[in-house]
Amino acid sequence: MKIIVTDEVASEGLALLKQDPRVEMDVRLGLSKEELLKAIGDYEVIITRSGTTVDRDVLDAGKKLKMVARAGVGIDNVDVEYASSRGVIVVNAPFGNTNSAAEHTMALLLSACRNVTVANASLKKGEWKRAPFTGVELKGKTAGVIGLGKVGGRVATRLKAFECEVLACDPYIAAKRAHDLGVKLVTHDEIYKNCDIITVHTPLNDETMGMIGDREFGLMKSGVIILNVARGGVIGEAPLLANLKSGKIALAAVDVWSEEPPKTDLLKELISQDKLVVTPHLGANTFEAQVNVAVDVSKEVLNYLDEQPLENAVNIPRFDLALMDQMRPFLNLMSTMCDFGIQLVDTNISKVSFSFFGSIAHYDCTPITVCGLAALLNKVVEQDVNMVNASLIAEQMGIAVEESKSTQTDAFSNLITLVLEGEGGKRRLISGTLFEGIPRIVRLRDYTMDFTPEEHMLLMHYADRPGMIGKIGTIMGQHEINIASMNLGRSEKKGEAMVILSIDSAVPPVVVEEIKKATEATFIKALHMPTAKCNRCRSCGN
Ligand SMILES: NC(=O)c1ccc[n+]([C@@H]2O[C@H](COP(=O)([O-])OP(=O)(O)OC[C@H]3O[C@@H](n4cnc5c(N)ncnc54)[C@H](O)[C@@H]3O)[C@@H](O)[C@H]2O)c1
Ligand SMILES: O=C(O)[C@H](O)COP(=O)(O)O
C-alpha cells in the first residue's frame with residue numbers, strides 16, 4: 001500500500017509503517033496544491049496534519065485513495081462529507097495532543113497575564129523596566145470555558161488549580177461532566193457577561209464559525225482576557241482586533257488563525273498588537289503529543305491493512321471497542337445473509353429491512369445494518385461500496401432502508417431478518433442466527449430451514465412428491481458433482497418444498513437447467529458465496 005505523508009509527523013509513529021513490508025511510504029512535505037493534486041493519484045493513504053487541505057479537488061484526484069489519516073484531532077481541513085461520498089475513510093488521533101493543547105492554553109494565559117513575551121523582548125533589548133510589565137493574577141478570577149470536551153475539561157481543571165472560579169458552556173455534554181469537573185454549566189451569554197477570562201475549546205464548524213463576534217464582545221466585561229487555542233475563526237478576528245484596540249479586551253492570546261500561515265493585512269495587524277500573545281499553531285507541538293498522534297494514526301493505517309476494526313474513523317458507524325469481539329460474528333452473519341439474499345433478487349431493489357431480535361437488540365445495531373447494506377450494494381453497483389458510503393449510495397439509488405429491533409424472540413437467543421423488496425412488491429426474506437459463532441440460515445420466505453451457507457449451493461423450490469431427491473442426486477452424479485449436504489423446508493406434506501444443497505463445486509448452467517426440468521422447479525438458482533468459504537472455521541471469524 002502506498003502512503004504519502006504531507007505534514008511533519010513524528011518518525012516514531014511512521015516507523016511502525018515503514019517496518020511493514022506491505023507499506024511503501026513517501027514523505028513529501030511542503031507540496032503546493034498543484035503538486036499534491038499531481039502526486040495524490042498514486043496513493044491509497046494520505047497522512048496529514050492541519051497543514052494540508054484535503055478538499056474535493058484532492059479527493060477527486062486521489063483515484064486510489066482509501067484513507068485520510070489526520071495525525072491530530074481537528075478535521076476541519078478535510079472535506080469529510082465528500083470523502084464519505086467517495087468511500088474514503090477519514091481517521092484522526094483525537095486523544096494524543098489533548099494535554100499538550102491544554103498546557104499550551106495555560107502557557108499563553110500566564111504569558112499574557114504576566115507580560116512574559118513583552119518583558120522578555122524588553123530585557124533582551126537591554127532595557128530594565130518593571131512597572132510597565134505589572135501583571136494580573138489568576139487567583140480569584142472568574143474563567144469561562146466554552147467547549148468542555150477533552151481540551152476544555154483539562155483547561156478547566158488547571159484553571160481551578162490556579163484558584164479561578166470556573167464557568168463552562170457546552171450544549172452537547174451531560175451535566176454530570178461539568179459536575180465531575182467541579183465547574184458550573186451556564187449559557188454562552190452568561191459566560192460573556194460574567195467572566196474575566198474566556199477561553200474557547202470547540203471544533204470549527206458551521207455552528208462555531210464566528211461564534212464570538214461583535215454582539216458577544218458587546219456583552220463582555222471591560223478588561224476581559226480572551227484565548228483561542230481551538231481554531232482560527234471561532235473568534236472573529238476583525239472584532240477581536242477592534243476590541244483589543246479599544247481596550248475593551250485587556251489581553252488576549254491566540255495560537256490558531258483563520259489563515260495559516262497568516263498573510264492578510266487584518267491578521268498581520270492583529271498579530272502586531274502588544275496586548276496579544278501569539279504562537280504559530282503550537283498547541284499540539286510537544287514531543288510527547290507528536291509521538292502520541294503519529295503512533296495512533298499509524299496504528300489505524302495498520303488496522304486498515306489488517307482488516308481490523310478502526311478505533312478512530314470519523315465517518316464509519318462502529319461499535320464501542322469493548323463490544324467489538326462480541327459483535328464481529330454478527331457482522332459476518334449479516335454479510336453472509338446479504339451475499340446470499342442478493343443472489344435471489346432479479347429486479348432492482350426498492351427497500352431493504354433489517355430486523356434484530358433477541359439480546360442483540362439491546363445494542364446499537366447500526367454498524368451491522370450498514371455492513372449489510374455495503375455487502376448488498378457491492379453486488380449491484382460498479383462503485384466500490386463500503387461502510388463509509390453505503391447509506392449515501394442507498395439514498396442516491398432511492399433504496400429505502402429500515403432497521404427495527406425487538407428484544408423478544410421465539411426460538412433463538414438472537415435472530416436477524418433481512419427482507420429485500422424489489423419492483424412489483426417482490427419480497428425475499430432470510431433469517432439467520434449464530435450457532436457457536438457460525439452463521440446459520442434458519443428461515444427462507446415462510447420455510448423453516450437450517451443450514452450454514454457454503455461457497456457453492458443450489459437453491460430450488462418445487463412441488464414435493466416422491467423421487468425428487470433421487471432425480472437431483474442422479475443428475476448431479478452423472479455430472480460428477482458431489483453433494484455435501486441437503487436441507488429441505490416444507491410447509492406441509494406433499495406441498496411446496498424449499499431445498500438447499502451444499503455442493504463441492506459450482507453447478508454449471510446446463511446442469512441447473514436439467515434439474516429444473518426433471519423436478520419441474522418453480523425456482524432454481526445456483527449460488528456462489530466466496531465469503532462463505534470461512535463459515536466452517538470456528539476461529540477466524542471472517
Ligand atoms: N491549537 C492546537 O494545536 C490544538 C490542539 C488540540 C486541539 N485543538 C482544537 O481544540 C478544539 C477542541 O479539541 P478537543 O480535543 O477538546 O475536542 P472535543 O471534541 O473533545 O471537544 C470539543 C467540545 O466542544 C463542544 N462544542 C461543540 N460546539 C459547541 C458550541 N457551539 N458551544 C460550546 N461547546 C461546543 C463539544 O460538545 C465538545 O465537548 C478543536 O477545535 C481542536 O481542533 C487545537
Ligand atoms: O487539531 C489538532 O489536533 C491541533 O490543532 C493540532 O494541529 P497540528 O497537528 O496541525 O499541529
Side-chain angles (χ1 to χ4, degrees), residues 5-10 13 29 47-54 69-78 80 90-109 144-158 167-178 181 183 185-192 198-213 216 227-235 253-258 260-261 277-294 296-297 312 314:
V5 182
T6 58
D7 279 320
E8 276 158 352
V9 175
L29 308 182
I47 301 183
T48 72
R49 286 174 61 191
S50 60
T52 305
T53 301
V54 184
R70 159 64 165 116
V73 57
I75 42 164
D76 43 293
N77 57 320
V78 180
V80 178
V90 180
V91 296
N92 69 349
F95 305 106
N97 61 27
T98 302
N99 187 63
S100 173
E103 287 188 8
H104 195 62
T105 308
M106 295 309 292
L108 292 184
L109 177 59
V145 176
I146 302 181
L148 199 59
K150 297 185 293 298
V151 178
R154 285 197 160 236
V155 169
T157 309
R158 280 145 189 75
L167 306 183
C169 145
D170 189 326
Y172 305 109
I173 53 151
K176 185 175 181 306
R177 171 156 173 84
L181 287 165
V183 304
L185 213 48
V186 297
T187 63
H188 283 85
D189 282 2
E190 283 174 285
I191 295 267
Y192 304 134
I198 297 175
T199 180
V200 291
H201 298 286
T202 67
L204 178 70
N205 52 36
D206 291 347
E207 182 193 346
T208 59
M209 172 72 89
M211 182 169 69
I212 302 185
E216 290 71 24
L227 289 115
N228 186 0
V229 185
R231 272 295 176 274
V234 173
I235 299 178
V254 175
D255 179 48
V256 283
W257 310 90
S258 60
E260 295 184 0
V277 175
V278 295
T279 44
H281 202 154
L282 293 183
N285 270 50
T286 58
F287 292 108
E288 294 89 338
Q290 284 312 307
V291 171
N292 290 342
V293 295
D296 288 350
V297 286
N312 297 309
V314 300

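Just so you know, ligand 1 is whichever comes first in the structure, and atom 1 is the first atom listed for that ligand. As the structure is a computational prediction, the values presented were derived from the model and not from experiment.
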Atom 10 (O) of ligand 2: the protein heavy-atom neighbour that sits closest, reported with distance to 0.1 Å: Ser50 OG, 2.3 Å
Looking only at heavy atoms, what is the nearest atom pair of His104 and Val229, with distance? CD2-CG1, 4.3 Å
Are any of the N/O atoms on Gly72, whether in the backbone or the side chain, positioned under 3.5 angstrom from an N/O atom of ligand 2? no
Proximity to ligand 1 by part of His188, non-hydrogen separation under 4.0 Å: side chain
Short version for Ala284: what comes under 4.0 Å of ligand 2, heavy atoms counted, is side chain
Which residue holds the protein heavy atom closest to atom 4 (C) of ligand 2, what is that atom called, and what is the gap in Å? His281 NE2, 3.6 Å
Can you list the ligand 1 atoms lying under 4.0 Å from a non-hydrogen atom of Ile173? 39 (O)
Quick test: of every protein heavy atom, which one is nearest to atom 14 (P) of ligand 1, and how far off is it to 0.1 Å? Val151 CG2, 3.7 Å
Taking atom types as modelled, is there a side-chain donor on Asn312 or Arg70 under 3.5 Å from an acceptor on the other? no
Non-hydrogen atom of Ala71 closer than 4.0 Å to ligand 2: yes
Atoms of ligand 1 close to Gly147 [distance to a heavy atom under 4.0 angstrom, numbered from 1]: 24 (O), 25 (C), 33 (C), 34 (N)
Considering only protein heavy atoms, which is closest to atom 3 (O) of ligand 2, and at what distance to one decimal place? Val73 N, 2.6 Å
Identify, for atom 7 (O) of ligand 2, the protein heavy atom at the shortest distance, and state residue, atom and that distance. Arg70 NH2, 3.1 Å
State the atoms of ligand 1, each with its element, that fall below the 4.0 Å cut-off from a heavy-atom position in His281. 1 (N), 2 (C), 3 (O)
With atoms numbered from 1 as shown, which atoms in ligand 1 lie under 4.0 angstrom from a non-hydrogen atom of Ala101? 5 (C), 6 (C)
Within ligand 1, which atoms have a heavy atom of Val73 less than 4.0 Å away? 6 (C), 7 (C), 15 (O), 42 (C), 43 (O)
Using distance alone, with no hydrogens and no angle criterion, decide if Asn77 and Ser50 have a side-chain donor and acceptor under 3.5 Å apart. no
Classify the contact between His104 and ligand 2 as side chain, backbone, both or neither, using a heavy-atom distance cut-off of under 4.0 Å. neither
Proximal ligand 1 atoms for Glu207, defined as those under 4.0 Å from one of its heavy atoms: 30 (C), 31 (N)
For ligand 2, which atoms have a heavy atom of Gly74 less than 4.0 angstrom away? 1 (O), 2 (C), 3 (O)
Closest approach of Ile146 to Tyr192 (non-hydrogen atoms, all atoms of both residues): CD1-CE2, 3.7 Å
Tell me, which protein residue and heavy-atom name are nearest atom 11 (O) of ligand 2, and how many Å apart are they? Arg49 NH2, 2.8 Å
Asn97, portion touching ligand 2 at heavy-atom distance under 4.0 Å: side chain
Quick one: look at Thr208 and ligand 1, take heavy-atom pairs under 4.0 Å, and tell me if it's side chain, backbone, both or neither. side chain
I need the minimum non-hydrogen distance between Leu204 and Asp76, along with the two atoms involved. O-CB, 4.0 Å
